[in-house]
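Note that ligands are numbered from 1 as they come in the structure, with each ligand's atoms numbered from 1 the same way.
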Amino acid sequence: MQLPQQLLDSLTGIPGFDKEAFIQVHESGGQVTSVRVNAAKAAIDNRQAAIDQFLSAGSSKIPWSSNGYYLPERPVFIFDPLIHAGAYYVQEASSMFVEQALTQTTDVTQPLRVLDLCAAPGGKSTLLQSLISVDSLLVSNEVIKSRAAILEENCIKWGGANVIVTNADPTTFERLQNFFDVIVIDAPCSGSGLFRRERDAIGEWSEQNVDLCYQRQQRILAAALPALKEGGVLIYSTCSYSKEEDEHIADWLMDTFSVDSLPLTIDAAWGIVETQSDKHRAYGYRFFPYKIKGEGFFISCFRKQDGGSSVIKPPKKSLLQKASKNETGIIQPWLKQGSPVQLWKQQEEILAFPQQLEKELLTIVDNVYVRRAGIAIGKIAGNDLVPDHALALSTLINPAIVAVSLKKEEALQYLRREEVSLSLGHKGWTLVQYEQYNVGWIKVLPNRINNYYPQNWRILKRAVDSANENG
Ligand code: SAM
């Protein structure tokens with residue numbers, strides 16, 4: 001598939017654009033594979049060894065990322081139990097630059113309220129989760145329902161308790177005036193930055209679509225800006241090279257809202273191109289695949305200059321109630337000692353959320369459709385807990401809970417939700433582990449073992465199909 005001539009023409013004159021190199025890199029068929037390690041999980045017990053092993057053969061650090069690595073080739077990720085355990089996330093390297101955008105503009109040691117507005121499948125959200133402190137809040141939102149389900153799955157795997165996954169149109173957030181310290185908008189775009197990886201998308205590119213995306217980006221930004229507090233930071237990114245969706249959006253923002261553009265410091269060796277918009281000289285950073293090891297990307301940061309801070313009071317009545325003393329007593333042994341979480345109940349479900357974020361939780365639940373808040377702990381049946389899968393994958397779980405360690409083939413059987421035959425000397429709920437990472441639950445009964453891996457997450461592929469995936 002040939003690159004659209006209109007795209008090439010429209011990029012001519014953009015700083016760093018080199019038509020020959022651009023065509024060549026798209027024709028070369030080169031692929032870059034990169035992952036980001038979940039440092040919060042790797043820090044538990046002796047798990048670092050499994051990560052070291054995973055990264056051992058020829059991986060190298062991504063220079064702008066603390067936990068990002070290039071891999072020498074693309075493994076069949078679906079057959080690595082570690083990915084299902086949330087040990088790492090497969091993320092495009094350029095996108096990991098969001099780390100620089102956040103840490104250079106915002107003091108991440110402070111408690112923050114962060115909104116990731118266009119979040120599915122969760123690359124930026126899992127990154128943000130790793131960067132903010134445990135007493136900060138991340139609201140991870142996706143408007144499309146089916147994509148919100150994938151976002152939820154990836155957030156559960158990442159395991160942090162301070163995340164709320166919502167499924168709402170951006171206009172919903174207008175209710176939360178001046179609420180957030182940081183809003184990340186990784187906007188839906190015309191996608192030219194991903195042409196090398198998704199060749200079929202080339203045929204769908206058109207100038208008309210760039211224009212439609214530009215208009216949609218304006219609508220999303222206009223809905224989000226009221227929810228950013230004065231002094232708060234907006235991080236805007238696209239995977240489009242087009243000036244309309246990048247610099248022109250920056251100029252439109254500065255025309256429409258009271259925001260300042262924020263420059264970032266970049267190491268010249270990284271190969272990232274700094275640009276400035278025509279009218280307001282807003283700073284932007286563009287990633288070309290012939291200059292950096294990664295795909296096309298654009299990012300720009302702004303600080304809001306007006307609005308004050310939030311005066312929203314949490315509601316008196318909520319869908320959530322605090323768990324009773326008895327329920328808390330049943331759940332306590334399942335949690336790591338000293339976890340500063342409050343247990344909440346919604347109908348039969350118990351969830352854990354950081355104690356100090358109570359006001360934030362109640363406010364979000366009152367205003368936005370929440371798919372999942374914090375860590376789902378499970379349901380109480382009689383005097384026992386029926387544990388949720390999310391508890392197994394969370395960083396809150398008590399490390400003393402009885403666990404069984406599986407070899408790779410057994411772990412894959414478990415992840416396919418097949419029967420696992422193990423001879424265990426105990427009964428009841430048992431964690432399944434692979435290389436010390438929790439993968440899920442089984443329940444050991446007198447005459448069989450029940451596999452509690454979530455039905456809709458199970459691996460459906462067989463090894464034989466995987467040849468096609470990489471081919
Ligand atoms: N941030 C994600 C990540 O790092 O994994 C990728 C986000 S993707 C570039 C843009 C997202 O915006 C998609 O999930 C898409 O469903 C969502 N989206 C599409 N139309 C939208 C709209 N009108 N308002 C808000 N989000 C929209």
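- Those atoms of ligand 1 that come under 4.0 Å of a heavy atom in Arg216, given as number and element, are 23 (N).
- Classified by interplanar angle (parallel below 30°, tilted 30° to 60°, perpendicular above 60°), the ring pair Tyr89/Trp158 is perpendicular.
- One finds a salt bridge joining Arg113 and Glu360 here, because a Lys/Arg side-chain nitrogen approaches an Asp/Glu carboxylate oxygen to under 4.0 Å.
- For Ala187, the closest heavy-atom approach to ligand 1 falls below 4.0 Å.
- Side-chain contact of Ser10 with Glu207: a donor-acceptor pair under 3.5 Å is absent, judged by distance alone.
- Atoms of ligand 1 lying under 4.0 Å from at least one heavy atom of Ile144, given by number and element, are 16 (O).
- Only backbone heavy atoms of Ala119 (N, CA, C or O) come within less than 4.0 Å of ligand 1; its side chain stays farther off.
- Looking at Pro121 against ligand 1, both its backbone and its side chain come within 4.0 Å, counting heavy atoms.
- With 3.5 Å as the limit, one finds a donor-acceptor pair spanning the side chains of Arg36 and Thr126.
- The neighbour count for Lys291 NZ, taken as heavy atoms of other residues, nucleotides or ligands under 6.0 Å away, does not exceed 12.
- Contacts with ligand 1 closer than 4.0 Å are made by side-chain heavy atoms of Val143 only, the backbone lying farther away.
- Taking every non-hydrogen atom of Glu142 and a distance limit under 4.0 Å, the qualifying atoms of ligand 1 come out as 11 (C), 13 (C), 14 (O), 15 (C), 16 (O), 17 (C).
- The Pro170 neighbourhood of ligand 1 comprises atoms 24 (N), 25 (C), with distances under 4.0 Å to a heavy atom of that residue.
- Under a 4.0 Å heavy-atom criterion, Ser95 is not in contact with ligand 1.
- Checking Glu245 against Tyr214 by side-chain atom types alone, no donor-acceptor pair falls below 3.5 Å.
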Decide yes or no on side chain to side chain donor-acceptor pair (under 3.5 Å) for Ser277 and Asp251, but give the supporting numbers first.
CA-CA 6 Å; Ser277 63; Asp251 273 339; 2.8 Å; yes
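- The residue among Arg147, Met96, Gln91, Lys124 with a heavy atom at the shortest distance from atom 13 (C) of ligand 1 is Arg147.
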